[in-house]
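Below is one structure, written out as structure tokens; the observations come after it.
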Amino acid sequence: MNMQFAVSSNQLLLAVACMVILLVAIIIGGRIALQRRSALNLKARYRDVHDQHVRARSKYPEVDIFQYSGIFKRVGLIFTLATILLMVNWTTYDEAVYIPDDALLLEDEIAVEPPRTAEPPPPPPPPPPPVIQEVPDEMVLEEEDDLEFMDQSIEAESVVDAPEPVVEEVVEDAPPPPPPPPPAEEYEEIFKVVEEMPRFPGCEDLAASSAEKKLCADQKLLEFIYSNIEYPLVARENNIQGNVVVSFVVNRDGSIEQIQVLRDVGAGCGEEAIRVIKLMEQKGIKWIPGKQRGQPVRVQFLLPIKFKLL
């Protein structure tokens, strides 16, 4: 018959303590018994005994500890088997994490500011207007006689010679042409709602639908939050409870940034919520990014955290 049982840490420590106490009691009891026997006048008792077996011994039979070697072997074997049995059946239990009901439910709408998307740099200033220089009066031609007109009309039979090509002289010391302007940078938009919202990691290996993976990821997220959160002492002493709503942006690589508190109940609850969210970055946890039309995009995520006293 195969008997299986579980031993908790407290039970294991208690059993080991009992075995140690029992072993110490056996040792102390044996020493007391041997001391009482050694108090007898064994030398005078065996003075007139002409037994070859007694004479060949180094100790008297009453104080010979080797006669108990069989008992000690059996006791040691029992202690060893009991220790092995306890260690094999030693079971550790995960600490139960209290998760409030409807932990991810937002009770009412929250006015959320548009996510801060990187804005393109302002265009360069326009060039300065040309400076109009006034022509002196003495350079103005006032008389029509100073103008000479040339007749440039031609007849159908006239022959027009093509002008000679103008060859530009290459100046060796001319400065190089200016470099082309850099290409315009693309700035990623931050979405609030996408086709596939970001998910907490840990459920991607499941052979399930997207909805089932979302439920599994939400449960993993709640377990992470409420197993690491510490109720602020000031809020506990003043019986402060409520919802703290945190907003952050999940990037295309799964990292998070722009963490801020949208709703706070005070007494350090908002700071504690931010600490737990930043703990994801410290532990290197990467979210599954949101997707729009099959492409990963940046998404703003709202996360309510309930502070509730038991």
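Positions are given from 1, in the same order as the sequence printed here. Here the structure is a predicted model, which is why all the values come from computation and not from measurement.
A donor-acceptor pair is defined here as one N or O able to donate and one able to accept, closer than 3.5 Å; such a pair exists between the side chain of Q241 and the backbone of L309. Side-chain atoms of E195 come within 3.5 Å of backbone atoms of R293 as a donor-acceptor pair (strictly under, hydrogens ignored). With hydrogens and angles disregarded, a donor-acceptor distance shorter than 3.5 Å links the side chain of R252 to the backbone of P296. Looking only at distances, no side-chain donor or acceptor of Y226 sits under 3.5 Å from a matching main-chain atom of L221. Counting only distance, with no hydrogens or angles, the side chain of S227 and the backbone of E223 share a donor-acceptor pair below 3.5 Å.
Atom NZ of K213 has more than 12 heavy atoms from other residues, nucleotides or ligands within 6.0 Å.
Under the 30°/60° scheme for interplanar angles, the aromatic rings of F224 and F200 are found to be tilted.
Using a 4.5 Å cut-off between side-chain heavy atoms of Ile, Leu, Val, Met, Phe, Trp and Tyr, L77 falls into a hydrophobic cluster with L81.
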Using distance only, find each side-chain donor-acceptor pair of residues 273-280 under 3.5 Å and give its atom names and separation, not counting sequence neighbours.
from, atom 1, to, atom 2, distance (Å)
R275, NE, E272, OE1, 3.1
R275, NE, E272, OE2, 3.2
R275, NH2, N228, O, 2.9
R275, NH2, E272, OE2, 2.7

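For residues 70-85, the set of pairs meeting the side-chain hydrogen bond (donor to acceptor under 3.5 Å, both in side chains) definition, not counting sequence neighbours, is empty.
Ion pairing of R236 with E230 is absent here, as no side-chain N (NZ or NE/NH1/NH2) approaches a carboxylate O to less than 4.0 Å.
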Candidate pair V244 and V261, rule side-chain contact (heavy atoms from CB on, under 4.5 Å), full reasoning: CA-CA 7 Å; V244 175; V261 176; 4.1 Å; yes
